[in-house]
Amino acid sequence: MAIGFFKKVFTFSSEKSTDAVVVEELTAEEREAVAAASLPKQRTPDVPVVTDPVLPEEMETAGGPASDVAVERVEPDSDDLDVVPMALLEMEEAQSTDASSSAELVNDEPAKEIALPKGFSTSTVVAPEPEVPQEKLSWFQRLKAGLFRTSSQLTGQIAALFTKRKLDDDTLEELEDLLIQADLGVETAMRVTGALSSERYGKDVTGEDVTRIMASEIVKVLKPVAKPLALDLNHKPHVILVVGVNGTGKTTTIGKLAAKLSGSGLKVMLAAGDTFRAAAIEQLKIWADRTGSGFIGTKLGADAAGLAYDAFEKAKAEKSDVLIIDTAGRLQNKTELMAELEKIVRVLGKLDPDAPHTVLQTLDATTGQNAMNQVEIFRNIAGVNGLVMTKLDGTARGGILVAIAAKHKLPVYFIGVGEGVDDLEPFEAEDFARAIAGVNA
């Protein structure tokens, strides 16, 4: 009965019903119930009034919506409500925020270090110490470190030879053999012993005396070949053909040269002429992207001379300042490869009578006397007119550069003592001589 009754009185609409007939149909008992429901309920003193957020007419009973009979909502008197000042609310909110911040600061305090007994460990992650930037080594320091094995072996043997001995013919002969074994070459060895004999013959000689004179004589051999690589920028493109045996660092040297040239504002193009190795093509493409240089390549096994032709035409059309062409590693016993190298030189010569303007050969210092033979062969085939010595670090055979300079007298443009871009630097005779002789100043 109660459900049916509420169905008659409550509805979802908030508007008053104008249907008076529905009200008249209620019995006297139902009218009293309606009147009682419309009166505000008596509340116990000191008990706060809780206002239901949902209006009674918005309620839906289990029996479904009631009929459209509206009942006025009675609003509680404002005098009966406890009004809280806005200033007090704001003050409480500020205090709550300060308390939260303080809690966060407490939680963020670093955990105290606990000395655990042996056999225990903590899972607390200890923040690493901030890295202190290391001071960058100068070029001479890096060169000296790269030639350390050469200089330490040489100076150690010299010191042992001249311990408490006067300079005589026997000592000079032993010194000459020692210098030749260190790959300095016969000519340099004779220069050093001759200078030492004229200055200290018959006198007590120390290892320091020998290294000082040796450094001075090495400078005299190297100074004429320590030249910069000259570029004729009025003639574009300046073609640099890079040759050498596989493993001597041709492709890496090309990348380092491109980095230096493009870094100075020149427009550089790289040509992957080593068509016998897919890795060489990919590696050169990476260097081109890294240095912002142009790039031209071809499929594996394609004609290298044809690529050189296309590279020259493209570099000329794009007004590149420098074109650097890589080549396959030629071995003296690979007749067909050496013949192809000759073909590349002929093709470039037809495009420009002066091309290639620079034929740069890379030499691996670890090969020792074999590097001397490579220079002679490539010079006859490709017209090598400049050298780059690589891998001077980690070898005790760095003296071969002195022997090559003394015999072939070819310009030595750059030397490398590592894999980084900054590890390829212009060749300086004084620095190299001091580093190989173990002289600091």
Quick check: does any side chain N or O of Thr188 sit under 3.5 Å from a backbone N or O of Gly185, one acting as donor and the other as acceptor?
no
Answer yes or no: is there an ion pair linking Lys343 with Glu340, defined by an N-O contact shorter than 4.0 Å?
no
Tell me whether the count of non-hydrogen atoms from other residues, nucleotides or ligands lying under 6.0 Å of NZ in Lys267 goes above 12.
yes
Using modelled atom types only, decide if a donor and an acceptor are shared between the side chain of Lys285 and the backbone of Gly297 within a distance under 3.5 Å.
no
Do Asn370 and Gln374 come close enough that some side-chain heavy atom pair is under 4.5 Å?
yes
Side chain proximity check, Leu387 to His408, heavy atoms < 4.5 angstrom:
no
Result of checking Val205, Thr206, Val210, Asp209 against Ile158 for side-chain contact (heavy atoms from CB on, under 4.5 Å)
Val210
Main chain of Gly255, side chain of Arg290: is a donor-acceptor contact present, judged purely on distance under 3.5 Å?
no
If we ignore hydrogens and angles and just use 3.5 Å, is the side chain of Asn385 paired with the main-chain N or O of Thr358 as donor and acceptor?
no
For the backbone of Gly194 and the side chain of Ser197, can you confirm whether one donor and one acceptor N or O come within less than 3.5 Å of each other?
no
So do Leu360 and Ile254 actually touch side chain to side chain, heavy atoms under 4.5 Å?
no
For residues Glu425 and Lys260, determine if any side-chain heavy atom of one lies less than 4.5 Å from a side-chain heavy atom of the other.
yes
Is a side-chain N or O of Arg346 found less than 3.5 angstrom from the main chain of Lys350, in a donor-acceptor match?
no
Before giving the answer on side chain to side chain contact (heavy atoms under 4.5 Å, CB included), spell out for Leu363 and Thr367 the whole-Å C-alpha distance, their side-chain angles and the decisive distance to 0.1 Å.
CA-CA 8 Å; Leu363 296 170; Thr367 58; over 6 Å; no
Please confirm whether the backbone N or O of Ala406 pairs with a side-chain atom of Lys409, one donor and one acceptor, at under 3.5 Å?
yes
Do Phe414 and Leu257 have side chains that get closer than 4.5 Å, going by heavy atoms?
yes
With no hydrogens and no angle check, is any side-chain donor or acceptor of Thr362 less than 3.5 Å from a backbone partner on Val388?
no
Does this structure show an ion pair linking Lys236 with Glu318, if we count only N-O contacts that are shorter than 4.0 Å?
no
Please assess Leu410 against Val375 for the test side chain to side chain contact (heavy atoms under 4.5 Å, CB included), listing each intermediate value before the final yes or no.
CA-CA 9 Å; Leu410 285 171; Val375 173; 3.7 Å; yes
Below 4.5 Å, heavy atoms only, C-beta onward: do Leu351 and Lys316 meet side chain to side chain?
no
Over all heavy atoms of both residues, which pair between Ala258 and Thr291 is shortest? Give the atoms and the distance, please.
CB-OG1, 3.9 Å
Determine whether a donor-acceptor pair (N or O, by modelled atom type, separation under 3.5 Å) exists between the side chain of Ser320 and the backbone of Met269.
no
Are the side chain of Asn380 and the backbone of Glu376 linked by a donor-acceptor contact shorter than 3.5 Å?
yes
